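Bear in mind the structure is a predicted one, so any value in this text is a computation, not a measurement. Within every chain, numbering begins at 1; the chains are lettered A, B, ... in the order of the sequence lines, protein sequences first and strands thereafter. Values reported hereafter were calculated over all heavy atoms of this structure, with side chains retained and with hydrogens, waters and symmetry mates removed.
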Protein chains: 2
Amino acid sequence: MPRKTDARARAIATAQRLFRIQGYTATGLTQIIAESGAPKGSFYFHFPRGKAQLAEEAIDHYVAARIAVLRSISANTAGDALNFVQEIFRAFAAEMVASDFQYGCLMQNLANELPALDAELTKRVARGFVDSTEIVAEHFRGCGFTPARASSTAAALVAALEGARTIARLERTPAIFEALAEVSVPRLCEPVSFPDAQLRI
Amino acid sequence: MPRKTDARARAIATAQRLFRIQGYTATGLTQIIAESGAPKGSFYFHFPRGKAQLAEEAIDHYVAARIAVLRSISANTAGDALNFVQEIFRAFAAEMVASDFQYGCLMQNLANELPALDAELTKRVARGFVDSTEIVAEHFRGCGFTPARASSTAAALVAALEGARTIARLERTPAIFEALAEVSVPRLCEPVSFPDAQLRI
DNA sequence: GCCATACTATGGCGATCACCATAGAAAGAG
DNA sequence: CTCTTTCTATGGTGATCGCCATAGTATGGC
C-alpha cells in the first residue's frame, strides 16, 4: 500500500533545518512536529526509533545533497583544480548569504554534539565526511595530482570549508571564504609567479 | 570579605569541560554542579544570571588560554611564519590526542549552538575569534607580510584549524592536521622549490 | 557579643523533554 | 462486504530542564 501523505518527508526536512539552526539537543521533537505541520500522534509510526532515526535520515539527505553539489561543481570544472576550489568556495559562501547566515552545517553541528550522545550517529556523520571528501579527492586526481597529494589536499579543503562556515556564521559575512581563496588558491595550483614574493622571509 | 571556597572556579572549569565535550544545551546545570563538587544550593549566589553568566566566564577563560598559547608559540617562532604555523598545528593536534579526541573547541561548539539562543553570548564568542586571529595576524606582519595579507592568512589559518578539530574528533586521528600542514605550509612561506611541480596543471 | 557578608541546604516552581499506550479513521485488497 | 495496512488523535508517562524562594550556617570585621 503506497504512502498517503508527505508527513514523513516534511518531518525530515524540518529536522534538518532546525538541527542546522539550533543544533540537535536544542531542537525538541515537539518543535519539529509543530513546524513541519505533521500530525503529532503519528510521529512514532513513521519513526519507531524516535529522534535518533529522524537524525539518521536527516544526515543521509544532507550528505546526499552535499555530494550532489560537489559532483556538479567537479563536472563543471573537470581537470581544473583552481577553478574547482574557487567554485566550491563561491557556492558555500553563496549558500550562507542566501540563508542570511542562519544555517550552520548539519554535519558539523552533529559532529560537535553527538560524540558524547550517540556513537552510531557519530559514525554516520564521519562517513558523510569521508564520502564527500572522496569526491573532492577524485577531482584532484583528475587534475594530475598523485593519489596521496589529492587526498591530503581534499581533506585540507574540507576542513577549511567547515571552519569557514563557523567563522562566517559568527561574523555574518562571507569574507572568510574570500580570505581562504586568496590564501590557498594561487598556492594550490600555480607553481610560479608570486606577486608579493619580495615580502617573504 | 574574601572568598572562602573555590566552588566558583570549579564550576567554571567544569562547565568549560562539559561544554567542550557535550555542548551547551546538552549540559545541564545539575550535571555541572554535581561534577564540580560544588554545593547545589549556592549556584545562583555565585552566578546570579544563571547559565548564561557561567557560559560567559567559561568563554573568557577559554579565550584567554587560547590567546596565551598562541602568544607563546608566536614568541618562540618570531619572524618565522613557516615554523609558527607548523607549531600551531602541532600544538592543536597534541591537545586533541592528549584528550583522546573527546574535547571539541569551546568556541566552535558555542558558535554553532548559540546564534539561535543568545545573541550576547554569540557576540562574545565572535570577539574571541577576532582577538585570537589578531594574534596570528600580528605574527605574520612580523614576518614581513603586508597587513592585508597577514590578516587574510591569519583568518584562513584559524578557519582551517577549527575545521580540522571537527574532522579530527570524528576520525579520532590527528591526520587532518598533518594534511593541512602538508598542503598549506610549503606554499605559505616558500616562493620557490616545489618538489612535485611537474604534477601540476 | 554583634552583625553583615559569604556561602550552603532544601525543595519545589512551571515548562519541556523523549517516548509511548490506546484507540480509531481512512482506504486499497480480497 | 471484511480485513489489513496506513496514518492520525489524544493524553499521559517519568524525568529533567533552568530557575528561584526560603531558611540556615559559618566567619570575618568591629
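- The cationic group of B:R141 does not satisfy the cation-pi geometry with B:F145, failing either the under 6.0 Å distance to the six-membered ring centre or the 45° limit from the ring axis.
- Dashed line: the shortest gap from a side-chain N or O of A:H46 to OP1 or OP2 of D:dT6 is not under 4.0 Å.
- Looking at B:T166 and A:E162, their side chains never bring a donor and an acceptor atom within 3.5 Å of each other.
- Separation of atoms OG (A:S72) and CG (A:N76) is listed at 5.0 Å; rounding is to 0.5 Å.
- In the region residues 112-121 of chain A, proximity to DNA chain D at under 4.0 angstrom, judged on heavy atoms, holds for none of the residues.
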* Asked: Which letters describe nucleotides 10-23 of chain D, given B = protein heavy atom under 4.0 Å from base, S = only from sugar-phosphate, - = neither?
  -> BB-----SSBB---
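- Atoms CZ (B:F47) and P (C:dT8) sit 11 Å apart, rounded to a whole Å.
- The separation between A:D6 atom CG and D:dT8 atom C1' is 14 Å, rounded to whole Å.
- Here the side chain of B:R10 pairs a donor or acceptor atom with the backbone of B:S36 at under 3.5 angstrom.
- Stacking of B:K51 on the aromatic ring of B:F43 is not recorded, the 6.0 Å distance cut-off and the 45° axial limit not both being met.
- In this structure, CZ of B:F45 is placed 17 Å from P of D:dT25, rounded to the nearest angstrom.
- The side-chain hydrogen bond (donor to acceptor under 3.5 Å, both in side chains) analysis of residues 122-131 of chain A, with sequence neighbours excluded, yields the pairs A:D60-A:R124.
- The NZ atom of A:K40 sits 8.0 Å away from atom CD1 of A:I33, with the distance rounded to the nearest 0.5 Å.
- For the residue pair B:E87 and B:T77, no side-chain donor N or O sits within less than 3.5 Å of a side-chain acceptor on the partner.
- Rounded to a whole Å, the CD1 atom of B:I33 is 16 Å from the P atom of C:dC7.
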